[in-house]
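What follows is a single structure, written as structure tokens, with notes after it.
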Amino acid sequence: MTIRVAVIGAAGRMGSTVCGAVEQAEGMELVARLDAGDEISPATLASARVAVDFTVPDVTEANVHALLDAGLDVVVGTTGWDEEAYDRVREHLARPQAEGRSVLIAPNFALSAVLAMSLAAKAARYFESAEVIELHHPAKVDAPSGTAVATARRIAAARAEAGLGPVPDATESDPDGARGAVVDGVHVHAVRLRGLTAHEEIVLGNPGEQLTIRTDCFDRSSFMPGVILAVREVGGRTGLTIGLDQLIDLAG
Ligand SMILES: NC(=O)C1=CN([C@@H]2O[C@H](COP(=O)(O)OP(=O)(O)OC[C@H]3O[C@@H](n4cnc5c(N)ncnc54)[C@H](OP(=O)(O)O)[C@@H]3O)[C@@H](O)[C@H]2O)C=CC1
Ligand SMILES: O=C(O)C1=N[C@H](C(=O)O)C[C@H](O)C1
């Protein structure tokens, strides 16, 4: 059966690329393109079954609640989500009116980034030091990137599980924040540079050695297979799914 898809943020960099990918995808029909100023309502959604949200961190959660109220399953790539926001979506999904509905939120849909996050989490227990450097195009409105925050959280969780203490760091004075943001104890550095698209480097250090894990997305086409996979799969799930790795078998 054809999946009818609405794209929210359709005029943006990601939204417009997603519209093209949905139009090209077998078994999908793009039925609605909504952007800032457009109402989310049954009339504007044109009987879509799945919505894809690539908007801005300030509005994405409200969009998800409105889309659930309209009876759609939702795929979200927009950043800015925290545990409290996830909990509010879980609570919404638990209401009888939302029975059977599903939301998938992923900070990154590129396979190289999903693998980089997974490898970083796997490697983290073996290294004394770990830092994350994300590098993006200068039009990006949020820092650090959602991917970097998720990466740092996964590194921190793996370190805690392995019983590692804080990373070694003798810094006593850092009035201008040169050591970057600190996410669950992991330092995260953000670079904004003309010419870049979306890149991340995870550096892990031990005495006398370093492991560098790097992902480079040179073009937004890199995110499309993951988005299309999520659109296909979201309807077969229930509740909240976080991360594209939940749909891909990374074992082995
Ligand atoms: N998960 C992933 O793999 C990826 C995630 N992202 C994330 O996706 C998000 C979008 O990125 P990008 O496409 O570069 O950003 P853009 O700014 O290019 O696009 C955002 C679009 O959303 C529109 N918008 C703003 N408010 C609303 C609203 N209330 N309803 C509908 N549309 C609205 C904007 O309109 P206007 O400009 O008029 O405000 C704009 O057209 C970011 O959070 C980014 O970090 C990006 C790449 C990959
Ligand atoms: O804004 C972007 O471009 C990107 N945003 C996401 C993030 O913040 O992690 C994903 C990717 O890095 C591109």
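Starting from 1, each residue takes its place in the sequence as its number. Note that the structure is predicted; figures quoted are calculated from it, not measured.
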Name each donor-acceptor pair under 3.5 Å that joins a side chain in residues 223-230 to protein atoms two or more places apart or in another chain, with its distance.
none

For R153, all residues meeting side chain to side chain donor-acceptor pair (under 3.5 Å), sequence neighbours excluded: none

Pairwise salt bridge (charged side-chain N to carboxylate O under 4.0 Å, His left out) hits with a residue in residues 104-117, at least two apart: none

For N108, side chain to side chain donor-acceptor pair (under 3.5 Å) partners two or more places apart: T147

Residues which pass salt bridge (charged side-chain N to carboxylate O under 4.0 Å, His left out) with R95, listed by chain and number, not counting sequence neighbours: E91

Pairs where residues 183-193 contributes a residue and the test salt bridge (charged side-chain N to carboxylate O under 4.0 Å, His left out) is met, not counting sequence neighbours: E134-R192

Under the side chain to side chain donor-acceptor pair (under 3.5 Å) test, residues paired with D69 that sit two or more places apart: H92

Pairs satisfying salt bridge (charged side-chain N to carboxylate O under 4.0 Å, His left out), at least one member in residues 10-20, at least two apart: none

For D73, salt bridge (charged side-chain N to carboxylate O under 4.0 Å, His left out) partners two or more places apart: R101

Partner residues of R49 under the side chain to side chain donor-acceptor pair (under 3.5 Å) criterion, sequence neighbours left out: none

Set of salt bridge (charged side-chain N to carboxylate O under 4.0 Å, His left out) partners for R159, sequence neighbours left out: none

Ionic contact status for D142 with K140, cut-off 4.0 Å: yes

Just list the side-chain donor-acceptor pairs under 3.5 Å for residues 197-206, sequence neighbours left out, or say none.
unit_1, atom_1, unit_2, atom_2, d
T197, OG1, F218, O, 3.1
H199, ND1, D216, OD1, 2.7
H199, NE2, T197, N, 3.1
E200, OE1, A148, N, 3.2
E200, OE2, T151, OG1, 2.8
E201, OE1, R214, NH1, 2.7
N206, OD1, E128, N, 3.0
N206, ND2, Y126, O, 2.9
N206, ND2, E209, OE2, 3.2

